[in-house]
Protein chains: 2
Amino acid sequence: MKDTAQETINKIYDSLTRAERQLASVILENYPMSGMGSITRLAEKASVSTPTVARMVQKLGYSGFPEFQDALRQEVEARFSNPIAKHESWAQSAPEAHILNRFTDAVMANIRQTLANIDSDQFDALTALLADEKRALYITGGRITHALSEYLHLHMQVIRARVRHIRGTSNAWPHDLLDMSEADVVLIYDIRRYENSTLRLAEIAKARGAKIALITDQWQSPISQYADVSLKCRIEAPSAWDSTIAMMLLSETLIAAVQEARWDQTESRMHTLEDMFDQTKIFRKFV
Amino acid sequence: MKDTAQETINKIYDSLTRAERQLASVILENYPMSGMGSITRLAEKASVSTPTVARMVQKLGYSGFPEFQDALRQEVEARFSNPIAKHESWAQSAPEAHILNRFTDAVMANIRQTLANIDSDQFDALTALLADEKRALYITGGRITHALSEYLHLHMQVIRARVRHIRGTSNAWPHDLLDMSEADVVLIYDIRRYENSTLRLAEIAKARGAKIALITDQWQSPISQYADVSLKCRIEAPSAWDSTIAMMLLSETLIAAVQEARWDQTESRMHTLEDMFDQTKIFRKFV
DNA sequence: ATTATTCTGAAAATTATTCTTCTCAGATTT
DNA sequence: AAATCTGAGAAGAATAATTTTCAGAATAAT
């Protein structure tokens, strides 16, 4: 069977030049509709010149733009006439039962349900807590969620001062709690199987009067009894393990929300960080 | 709001003449795709003359065929870009413009596009590489992707032996490469801004003959030139940072796939791990 | 850092296609 | 029989696509 334009593009993507990749991205982005207008319009949308478009469609193996467009049209038509049949196959290059499709199905459902049941007031309250620099912020997670907590910590550090990551996995964490006061806030990730040491940590933090925020699964960590704010996420997946994507989504959204709330300060912090990166040559100069 | 072409046609259907009705039927039949070709093609499909088509689109209130076609195009676009009703609000307790909804929109689109453009053969090849215990597995990431690499490492450790996490953020990583041979595989996460040290690491690994697997963003890390397998993810988000959710999804799916591929061995490893947990009382007994 | 190579976009000329409109004879409807 | 509709054909207008040229930009190579 002949390749779709999409497949062809992906196949030769590596051999494309800068402007062509830019164009290819735009085509793939809103595939296949973006290619349905005139060549000029597509060129404009991708911010490249018409000759670039003309050159590329020929690279893709079409005799010219009209032929390319015709191919696209047929693809749309095919998809339209198969109304809902195929629409749940995320990776069209794999069969419906492929783990890619099954797993993505589950994750999408998790996200949908997590969002549907979220209490946006709690979310906003948490955003406010995290944005408040007067409160020191402690972040911690369990065995599985450690990576998430680290990810949040990394970003929060850029956004604001006084952020600390507590390695719940080490047994030295009580040291980290020495300075904690009732003005502070602790954000804890905890999913099944809920860990004892994390619960202890929450209890101690509570005793010190800190605000406790919890990101947990739908069955809820026992920490929720101490939590001032708590967000529940769906974590089921067709796997021996749970999926923490919904938690990651909430974490990234929190990052975006806090960052938005204190953009003035964040911006200058980011610039400072950039400067330091420049000096240490960590990143490549271009791209 | 303005009527769709479909509605307009239905509205004036009774006042149409024979040939026009014939045409109208054809348009409605395979709506809206039938109108996407040239006026000649539509005329042929409906077995009417081109002047008839031209006359009718004007009756419908369009200035001419191109305008009519444009209207159709917009309608398709609207339908197409929301296969799952994009304009649904994910968190109904929050307004549509709330960051929760905006961010989730973007993430869903990222996932959809990542999956749509994924090469499932590459994915399967990577699964096979990771499942092959004869190959030692090295995992590493950059500043932002470090958490992801750690997450993958944690799970891979449970699934198989000979897994190592390289802290790309430290400068001691060359030590970790000492034992690397050409039977081994290195999985690297790298998104913009691509880091120099990660690139060096890839070069050295390549020189030692190891297989290189890359999980990168849509603009592709320069490492892709060395990679034997590479997966591209969309990472755009309405935020000052990128979203690594799509990468996380692929990572979790990889975990599920590898685990499925070697379930026999994984199962006993998991039991052993459980036993150890029991002995150390890390988890709560119930729940 | 310098040079060589490749890529890119603007402009324009050329060609191709598509759309609109017109005419009028024949078909269809009233 | 009269009025209306329709399609073939074709001419002209409008739009679109292709191709070329060339200078400047980006990239790769030295």
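What you see is a predicted model, and the numbers here were worked out from it, not measured in a lab. Chain letters run A, B, ... following the sequence lines, proteins first and then strands; every chain starts at 1.
Using a 4.5 Å heavy-atom threshold, the side chains of B:Leu249 and B:Leu115 count as touching.
Between B:Thr40 and A:Thr17, it is A:Thr17 whose nearest contact on DNA chain C lies nearer the 5' terminus. Nearest-nucleotide positions on DNA chain D place B:Glu20 closer to the 5' end than the other of B:Glu20 and B:Pro51.
Side-chain N/O atoms of B:Tyr138 and B:Asp179 include no donor and acceptor closer than 3.5 Å. The closest side-chain donor-acceptor pair between B:Glu150 and B:His165, if any, does not fall under 3.5 angstrom. With hydrogens and angles left out, the side-chain atoms of B:Ser224 and B:Ser221 include no donor and acceptor closer than 3.5 Å.
Residue A:Arg55 is classed as a base contact, given a heavy-atom separation below 4.0 Å to a base. At a threshold of 4.0 angstrom between heavy atoms, the contacts of B:Arg41 with the nucleic acid are absent.
Distance A:Gln69 CD to D:dT18 P: 10 Å, rounded to the nearest Å. One atom, CZ of B:Phe68, and another, C1' of C:dT20, lie 16 Å apart when rounded to the nearest Å. The nearest whole Å value for the distance from the CD atom in B:Glu67 to the P atom in C:dT20 is 10 Å. Following rounding to the nearest Å, A:Leu16 (CG) and C:dT8 (C1') show an atom-to-atom distance of 14 Å. Atom-to-atom, CG of B:Leu42 to P of C:dT17 comes out at 20 Å; the value is rounded to the nearest Å. One atom, CD1 of A:Ile39, and another, P of C:dT17, lie 14 Å apart when rounded to the nearest Å. Rounded to whole angstrom, the span from the CZ atom of A:Phe65 across to the P atom of D:dA16 amounts to 11 Å. In this entry the distance linking CG of B:Asp70 with P of C:dT18 reads 16 Å, nearest Å.
Applying the 4.0 Å criterion to OP1 and OP2 of C:dT17, one finds that B:Ser38 has every side-chain N and O outside that range. Look at A:Thr52 and you'll find a side-chain N or O under 4.0 angstrom from OP1 or OP2 of C:dG9. Dashed line: the shortest gap from a side-chain N or O of B:Gln58 to OP1 or OP2 of C:dT21 is under 4.0 Å.
Here the nucleotide nearest the side chain of A:Arg18, chosen from C:dT20, D:dT6, D:dT27, is D:dT27.
Across all strands shown, D:dA23 is found opposite C:dT8 as a Watson-Crick or G-U wobble partner, with both distances under 3.5 Å. Using Watson-Crick or G-U wobble geometry with both donor-acceptor distances under 3.5 Å, D:dT30 finds its partner in C:dA1.
A salt bridge is absent between B:Asp105 and B:Arg102: the closest approach of a Lys/Arg side-chain nitrogen to an acidic carboxylate oxygen does not fall below 4.0 angstrom.
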